[in-house]
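Input: a single structure, listed below in structure tokens.
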Amino acid sequence: MTIRYVRKSFPPKPFDEEIAQAIYFRKLYDGDHAEIFERAKTAGKHKRFKWRRVGLKAWEQTTEVVESGVPYIVANFASLVAELPADLLNRSLGNISADSEKNAELEFVTGVVSASKVSEKIWAAVTQHQVDGMIAYRIRRDDTTKRVWFEWVLREKFFPHDDELGADIAWIEEQGEGDRKKQFLRVERQRLTETGLTVQQMVFRMEGDTVGEQIDIRQYESDYGLDIPEDVELSGVNELMCGFVTNDETLLYPRGRSALRNIDIIQEEINWTITRDAIVFEKHGKPKLAIPRKLWDTVAGENQRHYGQRFVRNADLEVVSYDENNGAVPQYITWDAKLERSFEHVTRLIKYMLAITKTSPQAAGLEDGKGDSGVALLYLWIQSVIKAEAIKEKFDKAIKDAIRKCIILENALGGTQYEVKAPVIEWGDMLPKAESEKETGEIAKYEGGVQSLETTIRRMHPDWSEEAIQAEIEKIQNERAMDTMNPTFTQPPRVNLE
């Protein structure tokens with residue numbers, strides 16, 4: 001049923017645990033590993049032991065934590081896991097158009113796509129979908145401009161109802177300034193009824209992390225100079241004006257799971273191994289000056305006579321005598337570290353991470369990612385492409401549903417009679433091809449009769465305008481007509497009848 005907020009903590013259960021996990025994986029993705037890994041808090045620090053007097057003849061050992069100056073090093077491969085599918089989908093998303101020949105519907109869908117900024121926001125949406133395990137969307141309409149669009153919504157703002165007949169989009173707003181700043185919970189509730197869809201606006205006071213009493217939405221709007229939509233009931237509308245896209249959902253996790261699950265411990269071990277090597281290099285990697293014992297005694301004896309204490313300073317060694325018989329020459333000792341095993345351990349951990357997340361090693365630069373042809377490149381990246389293809393199918397359906405819902409909302413509020421139909425989305429290749437190979441493939445599809453002339457030209461020239469594409473289509477059609485025996489263009493040979 002619906003969600004009750006009053007006198008309960010926000011986010012509501014059971015969404016609070018899912019949101020907490022999403023925030024954890026966001027820190028993993030952003031590289032804020034010092035906040036989530038315990039060993040990161042001790043990196044670059046070591047204990048120094050000292051003795052201090054506690055009595056006339058008694059001493060005790062004490063310790064102090066000293067900064068070594070070596071930071072906790074983050075080699076964030078978790079970001080690669082989340083961003084690679086987004087890169088592939090962002091590259092392959094092509095033109096979106098209405099599945100109609102009517103100009104009005106074509107223009108409306110074009111306007112929705114432009115207002116929603118589908119191409120500009122697909123990368124961010126897919127990346128967030130991978131990190132959080134889910135991303136939602138809702139349909140919007142501006143009563144003043146009559147503009148209709150859809151927007152992506154973060155996981156912590158979308159709360160579907162248990163009976164699947166409604167959903168809440170809820171978020172925290174801050175109003176006022178300085179000491180008078182207050183927090184409020186805004187809720188847009190969509191609910192299906194026997195007659196249609198109701199969209200209700202609500203607002204609650206916030207008391208820390210607890211939701212207070214509900215207040216009048218119009219009074220709230222007036223107090224803070226806001227523009228809040230009116231409650232509406234859309235008769236005849238039998239679906240919600242929102243939806244969501246899950247990642248790796250199961251029966252136990254129907255709202256999806258993060259693509260970064262199961263790799264946080266591996267990521268932490270990678271960071272710690274690299275950081276530990278850096279600490280060792282910092283401590284032992286600097287060259288050290290070594291002098292023969294006889295030379296040290298000579299310089300220390302001179303300081304004993306001059307200053308009353310035996311010691312050797314670097315400045316004392318700027319000019320030294322050279323004993324040809326004993327070879328008493330100062331030398332620098334350099335530390336030849338053998339850390340190949342450590343580097344192999346890091347590489348092995350990275351490959352484990354990529355295997356768990358179905359990411360090709362070529363994507364991480366661990367193996368050669370170049371192919372002699374598009375087919376060869378595809379086989380090198382096959383794991384990542386298969387994963388991205390599955391994600392593409394989900395976003396293809398979500399974008400089509402979102403635009404179709406935009407048509408439904410415009411018909412309900414704008415009085416139009418557009419045909420409620422999903423748009424057509426053109427998806428290109430996820431991996432790059434050489435121009436010659438790409439052109440050969442498109443021409444083969446056209447000549448084989450499985451692709452239209454217009455689609456062929458669009459794919460071969462994605463940067464062309466609509467006018468240029470139509471002009472090229474007409475030019476090709478005219479040239480083909482001239483080459484046929486069409487009497488409109490070519491007169492048959494003259495014959496004499498006897």
Q. What are the two closest heavy atoms between N247 and A259, and how far apart are they?
A. ND2-N, 3.6 Å
Q: Give the ring-plane orientation class for W152 versus Y137, where under 30° counts as parallel, over 60° as perpendicular and anything between as tilted.
A: perpendicular
Q) Any ion pair linking D401 and R404 (charged N to carboxylate O, less than 4.0 Å)? A) yes
**Q.** Pair R218 + E230, salt bridge at N-O below 4.0 Å
**A.** yes
Q) Any donor-acceptor pair under 3.5 Å linking the side chain of S384 with the backbone of S360? A) yes
Q) Say you draw a straight line from CD of E156 to CZ of F10; how long is it, rounded to the nearest 0.5 Å? A) 8.5 Å
Q) Is it true that R91 and D429 have a side-chain N and a carboxylate O under 4.0 angstrom from each other? A) no
Q | Shortest non-hydrogen contact between K387 and P85, atoms and distance | A | CE-CG, 4.3 Å
Q) Which distance, rounded to the nearest 0.5 Å, do you find between the CZ of R255 and the CD of E249? A) 12.0 Å
**Q.** Sidechain N-carboxylate O distance under 4.0 Å for E472, K475
**A.** no
Q: Starting at CD1 of I96, measure out to CG of L93 and round the result to the nearest 0.5 Å.
A: 5.0 Å
Q. Would you find a donor on one side and an acceptor on the other, under 3.5 Å apart, between the side chain of Q190 and the backbone of M241?
A. yes
Q. Hey, are Y29 and Q130 close enough side-chain-wise for a donor-acceptor pair under 3.5 Å?
A. no
Q | Reference residue N271; test side-chain hydrogen bond (donor to acceptor under 3.5 Å, both in side chains); the match among E269, E268, Q267 | A | Q267
(Q) Less than 4.5 Å apart, side chain to side chain, heavy atoms only: is that true for K8 and R4? (A) yes
Q.
How long is the straight-line distance from CD1 of I36 back to CD1 of I23, given to the nearest 0.5 Å?
A. 12.5 Å
Q. Is the shortest heavy-atom distance from the side chain of I356 to the side chain of I266 under 4.5 Å?
A. yes
Q.
Within a 6.0 Å radius of atom CG on D163, are there more than 12 heavy atoms belonging to other residues, nucleotides or ligands?
A. yes
**Q.** Closest heavy-atom pair and its distance - F150, S116
**A.** N-OG, 3.0 Å
Q. Going by heavy atoms in the side chains, are Q201 and D231 under 4.5 Å from each other?
A. yes
Q. Any sub-3.5 Å donor-acceptor pair from S114's side-chain atoms to T110's backbone N or O?
A. no
**Q.** Residue pairs fulfilling salt bridge (Lys or Arg N to Asp or Glu O under 4.0 Å) with at least one residue in residues 95-107, sequence neighbours excluded
**A.** D99-K421
Q) Is there a donor-acceptor pair under 3.5 Å between the side chain of T275 and the backbone N or O of I73? A) yes
**Q.** Minimal non-hydrogen separation, L240 against R191, with atom names
**A.** CD2-N, 4.4 Å
**Q.** Residue pair Q214 / M202, side-chain heavy-atom distance below 4.5 Å
**A.** yes
Q: Spell out, as yes or no, whether a donor-acceptor pair under 3.5 Å connects the side chain of S258 to the backbone of L260.
A: yes
Q. Do you know the tightest heavy-atom contact between V237 and A412?
A. CG2-CB, 4.1 Å
Q.
Taking F159's backbone N and O only, do any of them form a donor-acceptor pair with D168's side chain (distance below 3.5 Å, no angle check)?
A. no
Q | Side-chain (T455) to main-chain (S452) donor-acceptor, under 3.5 angstrom | A | no
Q.
Regarding K400 and D396, does a basic nitrogen lie under 4.0 Å from an acidic carboxylate oxygen?
A. yes
Q. Hey, is the main chain of D143 close enough, under 3.5 Å, to the side chain of K146 for a donor-acceptor pair?
A. yes
**Q.** Carboxylate-amine/guanidinium proximity below 4.0 Å for R458 and E454
**A.** yes
Q: Name all pairs fulfilling the salt bridge (Lys or Arg N to Asp or Glu O under 4.0 Å) condition that reach into residues 121-136, sequence neighbours left out, sorted by first residue then second.
A: R26-D132
**Q.** Nearest heavy atoms of F204 and V6, plus distance in Å
**A.** CE2-CG2, 3.8 Å
Q | Ring centers of F184, Y220 separated by less than 6.0 Å | A | yes
Q.
Using only atom types and a distance under 3.5 Å, with no angle test, would you say the side chain of H129 pairs donor to acceptor with the backbone of T246?
A. yes
Q.
Is it the case that the side chain of R39 and the backbone of W272 share a donor-acceptor pair, with hydrogens and angles ignored and the cut-off at 3.5 Å?
A. no
Q) Salt bridge check: are R257 and E18 linked by an N-O gap of less than 4.0 Å? A) no
Q: May I ask you to decide whether E174 forms a salt bridge with K182, counting only side-chain N to carboxylate O separations under 4.0 Å?
A: no
